[in-house]
Amino acid sequence: MSVRTRVAPSPTGDPHVGTAYIALFSLCMARKLGGQFVLRIEDTDRARSSERSERAIMDSLRWLGIDWDEGPDKGGPHGPYRQSERRELYVEHAGRLVTEGHAFRCFCSAERLSQLRAQQLEAKGKVGYDGHCLALAPAEAEARAAAGEPHVIRMRVPEAGQCAIDDQLRGKVEIAWDQVDMQVLLKADGMPTYHLAVVVDDHLMGITDVFRGEEWITSTPKHLLLYQYFGWEPPRYFHLPLLRNPDKSKLSKRKNPTSITFYERMGFMPEALLNYLGMMGWSMPDGEEKFSLDQMIEHFEPARVSLGGPVFDMEKLSWLNGRWIREELDPEGFARRMQTWALNASYLMPIIPLIQQRVERFSDVVGLTGHFLTGLPSLSEASFAHKKHSPEDIKKTLQFVVWRLDAHDDWRAEPLKQTLTGLAEGMGIGVRDMLFPVFVSISGQPVSTPMYETLEILGPDLSRARLRHGLAALGGVSKKQAKRLEKQYRELQT
RNA sequence: GCUUCCGUCGUCUAGCGGCAAAGACGCCGGGCUUUCAAUCCGGAGAUGGGAGUUCGAUUCUCCCCGGAAGCACCA
């Protein structure tokens, strides 16, 4: 049977570099062995999934040059490729497990469950479902379900013994069954959880090789067990190391730009970003660091994957990008790339209304719009000098803005305005004063284009990166300071 | 807390029982250049610790330590 791989992002935010990372390795595996690569959208979390995000993910992957053989946009023989459209499949399969005795209906309330969890945490024991509804007679459970009582379906799990996972990169990994929870498979809203959906879809879509982050390794027993219950052959698993922040924690937007669109906006070439992701945990046999997707495919071997979690280093990415720009672009190509990057109508149009009123000559434009075309403005402590406020106050304000915006998802002007004016109100200061360090951090100057619209155009990651950069220019916030400020911040929340 | 994974210069990697542990980013010094880059030359910098297997361990085994991840009706 030919090799089939897939990437299965969930459309719950900005397109993540981790998604591209997994996609890259999956794609290389499939292409190397002449198989297919599938894109599947895991949108079973109705509250968090959005169409906008799904589009952004597909656009970003394509921008990077990652193309799929089957997917929601191009169809294929195993569709639909969007989990929300496969609902009946999951219901049907979950039902089958119930009738065969591999799963059971659970009527426990959310309150009981969270209480249980709290108790278990306090007792410092194992945390997990206690099997309360296991005692229910099947007939009674069916009757209650038929009567419309809300419930979930959970899988049964062996009480003793070990589950052996044959990880293709790590070898045999053993996990005791008593460490595995009686996972919910079908939620009360009738949607599957990841664990059910991933198994059903991977099997039905003929996926033979699964690349995913190592965060999944401890839940693999659940998946293997489901394959066994269904009588299916499981795929080969390759658990890749996690991309890391400089402090070694899992790459996160709080600490690092994670959105592919950020790197696009910063002016990285897609080839260079993809190249860089390829050298995270993988290397060419000859040690060459600059390589194209085709070259990576040609030489790809899972055995060359290294397992230490690689720290995402933007400086090295920048160096690599420089090489791509210098070595692969002739002057015409360079000009074209500049155009597709930002010097085009679709990027410029939303900016025009923000500057037209403020311009007397076209030559004024550069000074007014520089911050739409730059990465991080050059800042010093002096940039934040203010006639009324002390540097300490400025720093505090900026930190509060950063925290508030970290928790803010809808990056359109109006919601941003609401959030920030709300913050100013809570802090008891004027919006103008609150925005001062924001203007400086974002544009490098105390005055520039209207802030909320500017933030929207810049996007969340670049905005956050600049605000953090501003904070750093102010001398940074020490642990001690952060603790004190955090307390004040929490007090104004209420 | 429990479980699992991981552990080579600050960072990304090479090594796959046997050459003074190699390359790259970054850093430092120098050459070239009107300047800045690019480029060239040079330098500092690592096998987490301890046992064991072996003639010989970065490499194999065990223990410790450290880091990370998972423990949801999120994926």
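Residue numbers start from 1 in every chain, and the chains themselves are labelled A, B, ... in the order their sequence lines are given, proteins ahead of strands. Remember, predicted model here, so these are calculated numbers, not experimental data.
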In residues 210-230 of chain A, which residues come under 4.0 Å of RNA chain B by heavy atom? A/Glu214, A/Glu215, A/Trp216, A/Ile217, A/Thr218

Checking B/U3, B/C73, B/G15 against the side chain of A/Gln179 (C-beta onward), the nearest is B/U3

What protein N or O atoms touch nucleotides 7-11 of chain B N or O atoms at under 3.5 angstrom, if any, and at what distances?
none

Per-nt protein contacts along nucleotides 36-44 of chain B (heavy atom under 4.0 Å; B base, S backbone sugar-phosphate only, - none) come out as --SS-----

Picking from A/Thr193, A/Thr44, A/Asp201, what satisfies side-chain hydrogen bond (donor to acceptor under 3.5 Å, both in side chains) with A/Tyr90? A/Asp201

Kindly point out which of B/G15, B/A69, B/A75 is positioned nearest to the side chain of A/Arg304? B/G15

Assign A/Ser318 to base, sugar-phosphate, or nothing according to its heavy-atom contacts below 4.0 angstrom with the strands shown. nothing

Looking only at B/C73, B/A75, B/G23, the nucleotide nearest the A/Glu289 side chain is B/G23

Side-chain polar contacts of residues 7-19 of chain A - donor-acceptor pairs under 3.5 angstrom, sequence neighbours left out - could you list them?
unit_1, atom_1, unit_2, atom_2, d
A/His16, ND1, A/Gly18, N, 2.8

Residue pairs passing the salt bridge (Lys or Arg N to Asp or Glu O under 4.0 Å) test where at least one lies in residues 330-342 of chain A, sequence neighbours excluded: A/Glu271-A/Arg337

Which is true for A/Cys108 with a 4.0 Å heavy-atom rule: it touches a base, it touches only sugar-phosphate, or it touches nothing? base

A/Thr44 vs B/A75: side-chain N/O to OP1/OP2 distance below 4.0 Å: yes

Kindly say whether the aromatic ring centers of A/Tyr194 and A/Trp216 come within a distance under 6.0 Å. yes

Would A/Arg468 and A/Asp406 satisfy salt bridge (Lys or Arg N to Asp or Glu O under 4.0 Å), going step by step from the backbone distance to the final call? CA-CA 11 Å; A/Arg468 267 184 224 116; A/Asp406 271 348; 3.3 Å; yes

What is the distance, to the nearest angstrom, from the CE atom on A/Met284 to the P atom on B/A24? 17 Å

Atom pairs under 3.5 Å, N or O on each side, protein against nucleotides 46-49 of chain B: can you list them with distances?
none

